[in-house]
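Before any comments, here is the structure.
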Amino acid sequence: MNTRGAIANAVGAAAGVRAQDGAASTRPLDAYVVEDNVIVLESLIAALEELAPVHVVGTAADESVAVEWLRADGAHCDLVIIDIFLRTGSGLGVIAAARRKRPDAALVVLSNYATDEMRARCLASGADRVFDKSRDIDQLVAYCLALSTREPGDTRH
């Protein structure tokens with residue numbers, strides 16, 4: 001299944017999860033998304049903003065733009081979603097910069113290359129979770145829902 005199909009399927013599957021989650025108090029999550037494929041980016045934003053209390057505050061298609069945004073004063077996010085292979089640079093560099101500059105933000109890798117080796121590298125670089133774009137969109141949505149029920153300042157990811 002391709003990534004767009006996985007995102008579309010997750011919309012249907014996660015809608016039931018969201019409906020059952022109504023008892024928990026949620027807070028909106030500000031998310032920054034680093035993804036170089038425009039179609040995947042647009043589909044992902046639409047799915048996350050519909051299925052979870054996620055508000056995308058910015059996007060980047062390459063490492064240097066993402067790192068610059070993360071370093072900027074006044075830039076805030078609760079969650080950074082990062083693809084590994086970008087237009088220029090690498091998601092691994094974004095993970096390292098985000099962990100230094102936004103230590104309280106949850107760092108999530110969303111990649112088509114979520115092999116065991118790549119998962120280990122991402123987690124060693126500071127990512128909190130690694131999801132496969134073609135299989136784990138519903139798990140990403142569930143993760144966002146879980147993050148949104150935590151108290152502000154709770155840094156467990």
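Predicted model only: the values in this text are computed from it and were never measured.
- Salt bridge status for D128 with R99: present, with a side-chain N to carboxylate O gap under 4.0 Å.
- Distance CD1/I81 to OH/Y143: 10.0 Å, rounded to 0.5 Å.
- No donor-acceptor pair under 3.5 Å is formed between the side chain of D36 and the backbone N or O of A61.
- Across every non-hydrogen atom of I95 and A127, the tightest pair is CG2-N, 3.6 Å.
- R135 CZ to N112 CG: the interatomic distance, rounded to the nearest 0.5 Å, is 9.5 Å.
- Contact of the I45 side chain with the T59 side chain is registered, since non-hydrogen atoms from C-beta on lie closer than 4.5 Å.
- Here T115 contributes atom OG1 and R121 contributes atom CZ; the two are 9.0 Å apart, rounded to the nearest 0.5 Å.
- Ring pair Y113/F85 is perpendicular by interplanar angle, where above 60° counts as perpendicular and below 30° as parallel.
- A donor-acceptor pair under 3.5 Å is absent between the side-chain atoms of D136 and the main chain of Q139, judged by distance alone.
- Atom CG of residue L44 and atom CG of residue L140 lie 6.5 Å apart, to the nearest 0.5 angstrom.
- For the pair P28 and V54, the minimum side-chain heavy-atom distance is 4.5 Å or more.
- Under the 4.5 Å side-chain heavy-atom criterion for grouping Ile, Leu, Val, Met, Phe, Trp and Tyr, L147 is connected to L145 within one hydrophobic cluster.
- A donor-acceptor contact shorter than 3.5 Å links the side chain of R119 to the backbone of V130.
- Side-chain N or O atoms of R102 include one that pairs as donor or acceptor with a backbone N or O of A75 at under 3.5 Å.
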- Task: Please report the C-alpha distance between L110 and I82 in whole Å, then the side-chain angles of each, then the deciding distance to 0.1 Å, and finally whether the side-chain contact (heavy atoms from CB on, under 4.5 Å) criterion is met.
- Result: CA-CA 6 Å; L110 183 63; I82 307 159; over 6 Å; no
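- Judged purely by atom type and a 3.5 angstrom limit, E63 uses its side chain to pair as donor or acceptor with the backbone of S90.
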- In sequence, state the C-alpha distance, the side-chain angles, and the governing distance for L70 and V80, and then conclude on side-chain contact (heavy atoms from CB on, under 4.5 Å). CA-CA 10 Å; L70 291 163; V80 183; 4.2 Å; yes
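- To the nearest 0.5 Å, atoms CG (L29) and CG (D78) are separated by 5.5 Å.
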- Query: Do E68 and K101 pass the salt bridge (Lys or Arg N to Asp or Glu O under 4.0 Å) test, and can you show the C-alpha distance, the side-chain angles, and the key distance before you say yes or no?
  - Reply: CA-CA 10 Å; E68 184 178 320; K101 299 298 180 181; over 6 Å; no
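- Across every non-hydrogen atom of A66 and A60, the tightest pair is N-CB, 3.7 Å.
- Between H76 and V57 the shortest side-chain heavy-atom distance does not fall below 4.5 Å.
- No chain of hydrophobic side-chain contacts below 4.5 Å, direct or via other Ile, Leu, Val, Met, Phe, Trp or Tyr residues, connects V67 to L107.
- Between V56 and Y32, every side-chain heavy-atom pair lies at or beyond the 4.5 Å cut-off.
- Under a 3.5 Å cut-off, the side chain of D83 and the backbone N or O of S111 do not form any donor-acceptor pair.
- T149 contributes a side-chain N or O that, together with a main-chain N or O of A146, makes up a donor-acceptor pair within less than 3.5 Å.
- A distance of 9.0 Å separates CE in M118 from OG in S125, rounded to the nearest 0.5 Å.
- Using a cutoff of 4.0 Å between basic side-chain nitrogens and carboxylate oxygens, D138 and K133 are not scored as salt-bridged.
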